[in-house]
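The structure appears below as structure tokens.
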Amino acid sequence: MTQLSHLIHVYGVLIVFGTVLLEQIGLPIPAFPVLIIAGALAVDSGANWPMYLAVSVLACLISDYFWFRAGRYYGKRILRLLCKISLSPDSCVSQTEDNFSRWGAKSLVVAKFIPGFNTIAPPLAGAMGTTTSRFVWLSIAGGLLWSGVGMGLGAWFHGSVDDVIAWFETLGSTALMVVGVLLALFVLFKYIERKRNLGAADLPRITMDELKDLVESGHDPLIVDARGVTARQLEEGIPGALVYGDAVPERLMASLDKDRHIVIYCSCPNDVTSAQVAKEFLKNGFHRARPLRGGLDAWNDHCAAGRADAELKPKAG
């Protein structure tokens, strides 16, 4: 910590810019403590705080714009990639889309304060068609707020920051062990949380082949779209599917035949959302309700394979 404080004092602009840029890109680098120390040094050592603030906002804007363009060009694919490498991939998609559908592009202003959402929000804004000019201003506002809060906390509690640095200095290598243990506990907590979510939604799935057999045998299964508003705007769903979020669940279930086959799909990793909705159906007596294995991706892959077979058959003849 003492070395970090010294480095910020000597190479402040470069340290602040580099750590903020790398963290906002998505690397597990703690940039907020760096901003706090920079704010404390601005009071104690007369450091150039306007420059620190400016380079931090610039780093945020560069990272945000990179992900914004990625979302504009690659859409849903880049969001799935980012969620797959997150600590909570099963809830990443649904939580991100819920936040964005509630606040829209304005959520960029506070996105950096929400773990996980800070990296997903810019590409989601690009995929949703937010204009570049509006995105830039919202990104600057968000970066200014986040950076200002970090440096402001350092300036306000600069005496306490000095005490913490001195405490870490007395601990020596033990300080690194403390930080390492805390980080390990955090990762363990996220892992347990994920296992609990998967266990709560551990239901038998129906495959695309089984769904096809149900349709061809005349069972007329009801297909339910469990995705959120933002997900439905990003990608078309299964034609004729009933949107679960458009109706009050109790009224919807009261109008359905409990002996009917019900297939629920979503676009989340491990079909978590569709499994949770299927569980609600099962609780209400719909013993033939099952989540679709692979969700919308499985449906799209099946349709693509069918089109490919149809194109090949005339050539074979």
Side-chain angles (χ1 to χ4, degrees), residues 75-77 79-98 190-247 249-250 252-253 255-309:
K76 192 74 177 180
R77 287 176 292 174
L79 298 177
R80 288 173 182 157
L81 172 63
L82 290 172
C83 280
K84 283 181 180 179
I85 61 178
S86 74
L87 289 175
S88 302
D90 310 301
S91 58
C92 174
V93 173
S94 58
Q95 289 179 355
T96 300
E97 290 171 347
D98 287 346
K190 301 301 289 186
Y191 175 77
I192 294 174
E193 182 183 41
R194 183 188 180 192
K195 295 293 288 184
R196 185 173 62 249
N197 289 336
L198 289 177
D202 187 17
L203 299 176
R205 268 57 165 171
I206 182 173
T207 65
M208 275 305 307
D209 290 336
E210 291 172 332
L211 175 57
K212 181 181 177 183
D213 291 340
L214 284 178
V215 174
E216 292 178 347
S217 59
H219 285 287
D220 188 28
L222 174 66
I223 300 178
V224 177
D225 187 344
R227 299 176 301 157
V229 175
T230 305
R232 299 199 302 271
Q233 292 175 344
L234 282 172
E235 192 174 14
E236 291 185 4
I238 298 176
L242 180 68
V243 179
Y244 183 74
D246 284 352
E250 291 77 12
L252 172 64
M253 295 180 188
S255 65
L256 299 176
D257 181 3
K258 293 188 176 182
D259 290 326
R260 188 176 182 183
H261 289 276
I262 298 177
V263 178
I264 305 102
Y265 75 92
C266 64
S267 54
C268 299
N270 298 311
D271 319 314
V272 167
T273 301
S274 59
Q276 291 172 346
V277 172
K279 195 171 183 179
E280 291 301 314
F281 273 97
L282 290 169
K283 285 181 180 179
N284 285 273
F286 293 86
H287 59 282
R288 290 180 172 174
R290 286 184 289 173
L292 177 62
R293 183 180 299 278
L296 185 57
D297 285 342
W299 171 271
N300 290 334
D301 292 342
H302 179 80
C303 292
R307 288 192 296 267
D309 290 341

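Among pairs with a residue in residues 255-264, those fulfilling salt bridge (charged side-chain N to carboxylate O under 4.0 Å, His left out) read Asp220-Arg260, at least two apart in sequence or across chains.
Remark: Arg290 CZ to Leu282 CG distance equals 10.5 Å, nearest 0.5 Å. How far NE2 of His287 is from CD1 of Ile262: 10.0 Å, rounded to the nearest 0.5 Å.
The nearest pair of heavy atoms linking Ser274 to Pro291 is OG-CB, 3.6 Å.
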Where do Arg227 and Leu296 land on the side chain to side chain contact (heavy atoms under 4.5 Å, CB included) test, with the steps shown first? CA-CA 10 Å; Arg227 299 176 301 157; Leu296 185 57; 3.5 Å; yes
As a quick check of understanding, evaluate side chain to side chain contact (heavy atoms under 4.5 Å, CB included) for Val224 and Tyr265, giving each step before the final call. CA-CA 6 Å; Val224 177; Tyr265 75 92; over 6 Å; no
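Between Asp271 and Arg205 a salt bridge is recorded (basic side-chain N to carboxylate O distance below 4.0 Å).
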With a cut-off of 3.5 Å and sequence neighbours excluded, list every side-chain donor-acceptor pair involving residues 207-214.
residue, atom, partner, partner atom, Å
Thr207, OG1, Glu210, N, 3.2
Thr207, OG1, Glu210, OE1, 3.4
Glu210, OE1, Thr207, N, 2.9

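Put simply, the side chain of Ile206 does not reach to within 4.5 Å of the side chain of Arg293, judged on heavy atoms. Counting heavy atoms from C-beta on, the side chains of Ile223 and Ile264 never come closer than 4.5 Å.
Between the side chains of Asn284 and Glu250, no donor N or O sits under 3.5 Å from an acceptor N or O. Side-chain N/O atoms of Tyr244 and Asp225 include no donor and acceptor closer than 3.5 Å.
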